[in-house]
Novice: 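To start, I am sharing the structure in question, which I have written as structure tokens.
Letters go in sequence order (proteins before strands), and every chain restarts at 1. Basis for what follows: all heavy atoms, side chains included, without hydrogens, waters or symmetry-related copies.
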Amino acid sequence: MPLPIRNYAQLSKIKHFYGSKFLLNEKIHDKILDKLKIEKTFKNPKEMKVLDLYSGPGQHSAIFYNRYKPNQYGVMESRPDFQKILKEQYEGSPIQIFAKDPYEWTSYTDLIDSEKRFVPEKQPHESLNDKFMVIANLTNSAHEGLLMQWFNCIGNTNWLQRFGYVKMLLWVPVSSAIKLLAAPGMHMRSKCSVVREAFTDTNLVAISNGIEKKLFDKNLFESNDPFIFQNEDTYPQRGDGIALLEVNPKKHITDLDNWDYVTKHLLILRKTRLKDAVESLGHGAKDYFSQKVEDPTFLNKYPVDLTNEDFNYLTNLFNLWPFKPDIYMDFIDIYQEEGMM
Amino acid sequence: MLRLPTRTIRKSSLIPKRLISLKGSHLHKPASDIFSNSSSSNSGVGQSLGFMKSSQISMSPGFDPFDRSHAAASNQTTQSRDVMQLWSLLEACICSKYYNRAFSILQSLYMVGSHRPYFIDDYNMYLESLVENGLISSINELDKKLSDDLQNTFKDVDYNDRTLAIMVHHALKYNHFQLETQNHLKIYFRMSVRGIRSILSHVNILTISDYAALHADLKMISLNDIPEAMKPLLENKAQERKKLDREKPDMLEREKVSVGGNSLDVDPRKIEADHNKCIFSLDQEVKPLEKDAATLKAVDTLNMRVVRHALLGLSLNEKQKEQISKFNFDANSNLLNVDEKKSLDFFEIYRSLTTEEDKSKFEKALDDFNQERQRALENRATDAAKERWKHDFEEAKARGDISIEKRLNVKLWEWYSAMLPLVKEEVKLCSQVFAGYANEKKNILKMDAKQDKARLDYGPYLSLVDPEKMCVITILELLKLNSTGGIIEGMRTARAVISVGKAIEMEFRSEQLLKSESQAFRDLGKNSHELKRYLQRAKSTFRSMKIEENKIMWPQTARAKIGSILISMLIHVSKVEVEGVDPVTKQKVYGEAPAFAHGYQYHNGSKLGVLKIHRSLVHQLNGERLVASVQPQLLPMLVKPRPWKNWKSGGYYYTQSTLIRSKDSPEQIAYLKAVSDANAIDTVYNGLNVLGETPWTVNRPLFEVMSRVWNSGKQFLDIPGVQEKLTLVPPPPREADPSVHREWKLKNKELANKFSSNRSTRCDSNYKLEIARAFLGEKFYFPHNLDFRGRAYPLSPHFNHLGNDMSRGLLLFWNGKRLGPQGLKWLKVHLSNLFGFDKASLNERVQFADEHVNDIKQSAQDPLREGAWWMTAEKPWQALATCMELNDAMKLDNPEDFISHQPVHQDGTCNGLQHYAALGGDIDGATQVNLVPNDRPQDVYAHVAKLVISRLQVAAAKGDELAMILKDKITRKVVKQTVMTNVYGVTYVGATFQIDKQLSNIFEDRKYSLELSKYLTKHVFSAVRELFQGAHLIQDWLGECSKRISKSIRLDVDEKSFKNGNKPDFMTSVIWTTPLGLPIVQPYRETNKKQVTTNLQTIFISDPFGVNPVNARRQKAGFPPNFIHSLDASHMLLSAAECGRHGLDFASVHDSYWTHACDVDKMNVFLREQFIRLHEVDLIERLKDEFDERYRNYVQIARVERTSELAKQIIALRTQLSKELGRQATLADEIYLEKRRVQMLQSEDPQEKADAEKMVTTVSLVEAIGSIEPIESKKSDASTLVILTPLRLPQIPPKGNFDVRELKNSKYFFS
DNA sequence: GCTCTTACTACTGACAATATCGTTAGTACCCCC
DNA sequence: GGGGGTACTAACGATATAAGTTTTAGTAAGGGC
């Protein structure tokens, strides 16, 4: 017997949406799932486990459950109004409600390691985990930081990503999608898009209508062919649009600390030729890199145009530099001092 | 309980008095009849203390805070900013002799209409420079130039007497015996605007020779026309001339110098030898500062001998005599005792003198000597540093030193040598660009063109200071900034460039001053000693004038630009040897790397430009004594500070300081200037001068103890130990849980934080100790100025009596006074207080000391013994100093005969609350803070703790769990900080944090203790509120007033404020006048930071001359505590002045007053009298009157229900208005109309006035209704209407009936 | 129905700063009438 | 020769950045009396 699904009109009555935005049209959710074809990864969906973070009112959760009947489907939601409606709707149903805060790392360790209420299968970091998937709604702009951290977790293979390369379906604000999907040379190219490039294959699955395509890589709309839904099918309607990303983690380098340092610093001077920009990596870096980089044209490039491959190359050189600075000193300790004068 | 005879009753009894004083009547006699003692005999100021005069000035209609008086040219911000920039550029161009550019800047300045009246000053500056630099070759040429300029180019400008002074000075360069010259001079004098004297008053233009020529040779002026300070010099000059005419001066003759009437015969040969030696040593060690330094040197040399002979004339023991004869009294080579062996302990000598006569002779001689040293000190710092580097470098070279670990100074010298040519080249390029500018630019390469364009900007500034000095300054500044701004091995770029730029500017200023001074007095060379006195006086007149004249500050952008230019050059040349490990071969690798590197760091997603200092250099820096690089403006002074005479004249001799440390608040300066010019704040100056004139010396025995501790490198009391380098925790494995990664980051941040705070306290202690070392045996002073609330602070930041326990322990009064019976008692009380035993009766405290007599002895004799008693004190270093003092006293047969130098403190018990209690008239509160006489001191904190406990017990009885847990845990200590900071407006969260700090000692669980703290804070707050009910009502009232004021609008508001439609920018800051007449302007405005492009990166800085919207939140939060602080500051200054008047040495740390032990009783009487004097007037009521007056006609924005009658009327009026305007009427329009109405109401014309009375505006509608309270609405939706209402402040809360005069006999008020 | 408490969302000055891009305003030059 | 338009540039403003999250007040709603 399928789980009941509440419609837009019912769900939009909820008092607080806590700054998050949800697609609340059952039909469109179905179309998106059609498009996603998660069966390709999860050969036997009935054996899979799904952890649905910041599920909100849980409409999509029920739709997903009804469609795939996964082995276990957990929603983690900490916000009272959502908790309330989830309980009303799904308490006692196959959808398990975890009243924990997805923001807290301990929520996961408690759930998985201590309470063992939701234990995904650990698979080697070789190909996508075919028993475990994460769905999350991070459309609250305040959660952008969390989104980026989750991407870092892919690099670190910790958090939920310790169970292998775990596919994630992430609802994010369009602005975050633009940041993450930016290609080399683009206006919004930044470290987080390099992170995405380095650790994942990410697709744009669906997106609000009325978004300028040119904000994305021009090939992206062709290759991903995202489903475009109407803003009227989302709630709350005010605010920017949202997008659904399909994140597929992949194999990547492991020397992340140096990589992080090099990438971060070079992207500050994104339009300064590499030969000059490298000097900001440390005392005398310009001399070192000019001497080590063999291809003279390479140093004439701009950091914003570099691919992750390029950054890996530079990281490698940096690592071999005898006089490289201490990358762990690269922080500022709180603002103190300054008496009166 | 509070009895409430309401304020109205009280008020009525006060009204007659207030009315009189409001009118400023002379008839009003101070209410001091009650105290017939001397406290209010201070003539003139009397009871009003300055408030009335001052507040009237700053509210008078003619006063505009945004006028140019403070350096802004008009109330239009952009214009004032432009003027400022033009000025500084003009000055720079003139000083760099870019006269063409200067002239075109003058033309731009001329275009600024509002600046026109002051334009002539700028023109004079230009003219003076032309004349001084010989660019005018004849009298006629100058005449022609002037008439050309003023008749054609600057038509609307008239010359003034200063212009004429320049002309006169110029004419006198030619043979003045020629008739033509004389004719010109006559014409100039006839042209005078305000009389000959006015022309002659320009002592900074006319020289002594000029005066001499005019007076003696030409008889054109009489002696009386000549400024007072110049007369004696002139007379002397006349004599000298006569002598010169008669005979060759006899060198030997003049060796007979007399001091204080004692003629000292000296063996001429010996003196000659001295003289030569001295010249020799000067040439060897320190390069002469400038070409005419030779002349000055001769004077100094003579002076030196005088000082020495004066000293040798005193009754001294043989050893002292020997020391004196060996001591080199050359001011230049003996700036300060860097080398202890060479030094002379003046204090020791002074102390050993027995007769008053000897003492005064000694002090006179010392003061003379110190005058020279102070001058040298303020002017020679950079040269001294450079010479040291050079010396070390050459020594190393001589030794053939090639070690990797070069001495720091050797490196610095190398950088300096490498940097210098670059700087010189750049300066050259700049002047080439300017030459090009003169011949109309020609096209060059694009890149170069861009660079040249930039040079046009910074070029003038770069050419002002000698390149050598700029190099030294750059290096020193960067080294000094190491590890500031939270960067582990480096500094913020922004700070670095600004600091360097500022240092260059400072150098320029003092160089300017020195240059013009020696120019002005160059004809007065070899003269006798008496003349020096006059010369000094004349010089100080001259200096004050020069300093005050200077209104120009370089814009931040200019500072940043030259700073960045210099820094990038230094980055380019400075290299250090480095070693590293090859990650592949694991071999050690050696190389060379830039010592400084520019880069960025992220913090919370925002980028921060940093200048990193290479590790290998950082290690070296930690070991060095950096005292050499302390700017002399930051040291105590060897002579009495220049007394405060007006708002920017006082303090150091060659540096300008302002009375108030305003951080970029032109508004504040404007108010200050207005009252200062009207001489309305003399009481403030008096108090401040007393603070500045207290002579100090270093406690040598204590210094020696500290020194030993320091050199051990170990942690001791509050001195952190030496730490090698920062070792961070290695990162966790990649796949560790994110929370582990986070922990790791936090841990490292904490480590770094601890490290750098340790480093900086150790560094700070190092500064303190090094400065103390330099001032061992010296007599010195702390020049003071005020923060914006009027609290006094010493200008010298590192080492002063406001510092920590260590600094305080190191300081002694230079003057000694016999203890006497009371002195001995107070010294003991002082010791007891330092141990924290300060809530007992005085006798008990004396007893405390008596009981520990052995501990005292032991502490004094063997201070570093393990577990010595003094270390257990709350303020150990001061306790040790007091132990030593007591011990020395007790060695005498009669300890009361002991001459004591130890400052004894009297602290207010929670001074803020004392003022609040006096304001609110709370009897309970007043009792608790010792305003009411009592036989033992009351302990507020304990009392509050008690109140809290009883509250908790009540709550616990009702079953409150938290209360049950807490009720036995409350001690005095738990609540102390919160009670104290409550007065200063601590937030709920802040207080919770403070309490948690205490509770976390008791409760393990952090979260739990935080919860408890939160709960407890609530109770503490309400307990304090209950105890100081009146005080809190006042606090609320103050808060409400400031909120309304900072959200009010002036009628002549700038239209730009309404750019956001009906949500205008609020521009009104809270302004009040302290009882002493000091206007206080809360400087909390939005900062308007902008990016400024520099050579290295853009930096983000605010323009100090912008007038930005106020930050209402801060205005509100800041006002109550600031008001109280302004009162305690007033109280302190009054007490200081009073103590000064009675010959007491006085110092203060805000609410802790210091004097000699024997004078404590007197001081206590004075300070209580002054407190009463302050609070006799109902200050709150007066404040409201002042506010009502100052903010009369201001309007505020309110919301009323649309359905109300008023709303309907207003809507109708607005509709009508819109129709008339042909567009939607705005609030700005309404304000404009209201302004018209108010203006017309004040009109002289009866018709206009009558019209105005009939006029209806939206504001007048509200006014007619009176109170909008019944229809006021808090909501902001369609049902409400936004309207303007007149600004109305809330009613003053009722006052309790504590009478402040009771205080008179409360001996524990301060104790 | 009223007041008081709680909780959420709106503040943001500590994005306690900087690189880069886009837009606008201003200026100079050229061409056409 | 003048005026207008165009082209260029300086100047200003806006925006993204990284990635544990952060106070604090004000307002709305809710619950208790």
Side-chain angles (χ1 to χ4, degrees), chain A residues 15-19 79-81 101-106 138 140-153 155 159 175-176 178-180 182 186-195 260 263-272 277 280 302-304 330-332 334-338, chain B residues 446 449-450 453 485-486 492-495 598-610 738-739 741-746 749 987-990 992-993 1043 1084-1094 1096-1102 1108-1109 1111-1114 1116-1117 1274-1277:
Chain A
K15 295 242 164 50
H16 297 294
F17 270 74
Y18 306 91
R79 297 163 291 190
D81 283 20
D101 186 353
Y103 186 83
E104 293 298 329
W105 302 121
T106 49
L138 291 172
N140 183 338
S141 61
H143 285 150
E144 197 188 38
L146 188 57
L147 170 67
M148 300 308 171
Q149 288 173 57
W150 287 357
F151 268 89
N152 274 327
C153 290
W159 180 62
S175 59
S176 301
I178 293 172
K179 274 187 216 182
L180 282 166
M186 289 184 60
H187 183 63
M188 292 301 282
R189 180 68 170 179
S190 67
K191 189 170 163 253
C192 55
S193 67
V194 183
V195 168
D260 180 82
T263 317
K264 191 180 351 184
H265 282 258
L266 287 181
L267 279 172
I268 292 173
L269 298 167
R270 58 217 305 276
K271 284 285 189 180
T272 304
S280 70
Y302 298 112
V304 73
D330 189 46
F331 62 86
I332 297 159
I334 54 142
Y335 300 99
Q336 33 166 308
E337 61 185 310
E338 285 354 278
Chain B
K446 206 164 185 185
K450 211 159 202 174
K453 198 125 207 176
R492 298 178 174 200
T493 317
R495 186 152 177 215
H598 177 231
Y600 302 87
Q601 285 183 2
Y602 272 109
H603 182 69
N604 277 335
S606 50
K607 307 177 185 95
L608 187 76
V610 292
S739 57
H741 280 271
R742 175 169 148 71
E743 286 304 313
W744 168 71
K745 270 189 190 165
L746 284 179
K749 263 188 189 168
T987 58
Y988 187 73
V989 175
T992 308
F993 200 69
K1043 185 171 147 192
Y1084 311 127
R1085 288 175 178 273
E1086 307 291 331
T1087 54
N1088 200 337
K1089 286 186 167 177
K1090 291 213 175 92
Q1091 281 178 261
V1092 170
T1093 314
T1094 75
L1096 293 163
Q1097 60 172 75
T1098 73
I1099 61 166
F1100 198 51
I1101 44 180
S1102 63
N1108 299 318
N1111 183 334
R1113 197 141 29 136
R1114 293 230 275 155
K1116 183 189 168 196
K1274 286 244 155 64
K1275 283 185 288 191
S1276 57
D1277 54 26

Novice: Nearest to the side chain of A:K271 - C:dC21, C:dA17, D:dG20?
Specialist: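 Looking only at side-chain atoms, A:K271 lies closest to C:dC21.
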
Novice: Any idea which of D:dG20, D:dA18, C:dA19 is nearest the A:W105 side chain?
Specialist: D:dG20

Novice: Let me have a per-nucleotide readout for nucleotides 22-27 of chain C, 5' to 3', with B, S or -, counting only protein heavy atoms under 4.0 Å.
Specialist: ------

Novice: I'd like to know if the side chain of B:T493 reaches the main chain of B:V610, judged simply by a donor and an acceptor atom lying under 3.5 Å from each other, with no hydrogens or angles considered.
Specialist: yes

Novice: Using a heavy-atom cut-off of under 4.0 Å over every strand shown, decide if B:P738 touches base, sugar-phosphate, or nothing.
Specialist: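 Contact class for B:P738: none.
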
Novice: Can you tell me how far P in C:dT18 sits from the matching atom in D:dG20, rounded to whole Å?
Specialist: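 22 Å, rounded to whole Å.
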
Novice: Pairs under 3.5 angstrom, nitrogen or oxygen only, protein versus nucleotides 29-32 of chain D, please.
Specialist:
unit_1, atom_1, unit_2, atom_2, d
D:dG30, OP1, A:K15, NZ, 3.2

Novice: By nearest atom, which of the nucleotides C:dT18, C:dT20, D:dT17 is closest to the A:S190 side chain?
Specialist: D:dT17

Novice: Under the salt bridge (charged side-chain N to carboxylate O under 4.0 Å, His left out) test, which residues partner A:D330, sequence neighbours left out?
Specialist: none

Novice: Taking atom P in both C:dG13 and D:dT15, compute the distance separating them and give it to the nearest angstrom.
Specialist: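 To the nearest whole Å, 13 Å.
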
Novice: Would you indicate whether the side-chain heavy atoms of A:R79 and A:H16 approach each other to under 4.5 Å?
Specialist: no

Novice: Fill in the dot-bracket string of DNA chain D, one character per base: . for unpaired, | for a pair to another strand, ( ) or [ ] for pairs within the strand, taking Watson-Crick or G-U pairs under 3.5 Å.
Specialist: |||||||||||||||||......|||||||.||

Novice: When you compare C:dC15 with C:dC11, how far apart are their C1' atoms, in angstrom units rounded to a whole number?
Specialist: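 Taking atom C1' in both C:dC15 and C:dC11, they lie 15 Å apart.
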
Novice: Could you check which residues of residues 598-606 of chain B get a heavy atom under 4.0 Å from DNA chain D? Sort them by number, please.
Specialist: B:Y602, B:N604, B:G605

Novice: What's the closest nucleotide to the A:D260 side chain, out of D:dG20, C:dT20, D:dA19?
Specialist: D:dA19

Novice: Between protein and nucleotides 10-15 of chain D, what N or O pairs are separated by less than 3.5 Å?
Specialist:
none

Novice: Select one nucleotide: of D:dT21, C:dG13, C:dC8, the one nearest the side-chain heavy atoms of B:T1087.
Specialist: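 Closest nucleotide among those given: C:dG13.
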
Novice: Does B:R1113 or A:D81 map to a spot on DNA chain C nearer the 5' end, using the closest nucleotide for each?
Specialist: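 Comparing both residues, the 5'-ward one is A:D81.
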
Novice: From D:dT24, D:dA19, C:dT18, pick the nucleotide closest to the side chain of A:K191?
Specialist: D:dA19

Novice: Could you check which of D:dT17, D:dG20, C:dA16 has an atom nearest any side-chain atom of B:R742?
Specialist: D:dG20

Novice: Counting side-chain heavy atoms from C-beta on, which of C:dG13, C:dT20, D:dA18 comes nearest to A:R270?
Specialist: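 Output: C:dT20.
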
Novice: Counting side-chain heavy atoms from CB outward, which of D:dG20, D:dA19, C:dT18 is closest to A:M148?
Specialist: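 Of the candidates, D:dA19 comes closest.
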
Novice: So which heavy atom on A:S176 is nearest to which on A:E144, and how close?
Specialist: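 Taking A:S176 first and A:E144 second, the nearest heavy atoms are OG-OE2, 3.1 Å.
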
Novice: Checking A:Y18 side chain against A:D81 main chain: does a donor-acceptor pair fall under 3.5 Å?
Specialist: yes

Novice: Under 4.0 Å from OP1 or OP2 of C:dG13: is there any side-chain N or O of B:R1114 that close?
Specialist: no

Novice: Please pick, from D:dG20, C:dG13, C:dA17, the nucleotide with the shortest atom-to-atom distance to any side-chain atom of B:E1086.
Specialist: C:dG13

